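Structure first, then comments.
As a basis for the values below, the full set of heavy atoms in this structure was taken, side chains included, without hydrogen atoms, waters or symmetry mates. The structure presented is a predicted model; accordingly, all values stated were derived computationally and were not measured.
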Amino acid sequence: MTGAEVVALLGLLPLPEEGGMWARTWQDEHGSGIYYLLQPGDFSALHRLDAAELWHHYAGDPVEMLLLEPEGGMQAPVLGDDLAAGERPCVAVRAGVWMGARTAGAWSLVGATMAPPYREEGFELGEAVELMGRYPAAADRIPGYVRE
């Protein structure tokens with residue numbers, strides 16, 4: 001299967017600000033969920049949310065994530081199904097953590113679940129210069145996860 005076939009089968013649409021292709025799978029007063037597809041040359045731009053988010057790997061290649069914690073720490077988990085290689089099928093992202101993601105191959109289909117549900121007012125897109133100053137240990141990685 002190709003990324004284009006996944007887009008067609010799931011009815012995914014472009015997510016202009018953040019990047020990638022997406023479709024809402026569920027939303028009510030308690031939470032929300034989406035499908036999210038990443039293909040080469042695209043990425044989930046560094047952003048932070050006001051609620052916790054769980055990322056789940058569904059199909060395709062692994063996803064390289066960059067997490068910048070409010071306390072100044074950095075993590076680079078890989079979302080995928082090769083457990084022996086250190087990949088994990090689910091990664092939790094706390095509220096307030098800057099996060100970005102990119103596929104490590106031809107395409108990656110993931111899901112993101114939030115509780116409470118996603119709110120547009122709770123989304124903030126990161127800026128490279130500010131983030132590089134705040135997270136010098138990640139300064140070499142940050143430019144690959146921002147749209148400026």
Stepwise, does the side chain to side chain donor-acceptor pair (under 3.5 Å) test hold for T113 with H56?
CA-CA 8 Å; T113 306; H56 313 269; 3.2 Å; yes

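- L109 CG to H57 NE2: the interatomic distance, rounded to the nearest 0.5 Å, is 8.0 Å.
- The CD atom of E124 sits 11.0 Å away from atom CD of E17, with the distance rounded to the nearest 0.5 Å.
- Taking the centre of each ring, W98 and Y135 stay at or above the 6.0 Å mark.
- The structure places CZ of F123 at 11.5 Å from CG of D50, a figure rounded to the nearest 0.5 Å.
- Across E5 and T2, no two heavy atoms sit closer than the pair OE1-N, 2.7 Å.
- The hydrophobic cluster containing F43, built from Ile/Leu/Val/Met/Phe/Trp/Tyr side-chain heavy atoms closer than 4.5 Å, comprises no other residue.
- Side-chain contact between M114 and L49 is present, with at least one heavy-atom pair separated by less than 4.5 Å.
- If you run side-chain contact (heavy atoms from CB on, under 4.5 Å) between M65 and each of V91, V78, V110, only V91 comes through.
- Considering only heavy atoms from C-beta on, M1 comes within 4.5 Å of V6 through its side chain.
- Of the inter-residue distances, the one linking Y35 atom OH with L12 atom CG reads 9.0 Å to the nearest 0.5 angstrom.
- Listed by chain and residue number, nothing satisfies the ring pair (Phe, Tyr, Trp, His ring centres under 6.0 Å) test with Y145 (two or more places apart in sequence, or in another chain).
- No side-chain heavy atom of V63 sits under 4.5 Å from any side-chain heavy atom of S44.
- Here L13 is tied to no hydrophobic group at all, with no ILVMFWY side chain closer than 4.5 Å.
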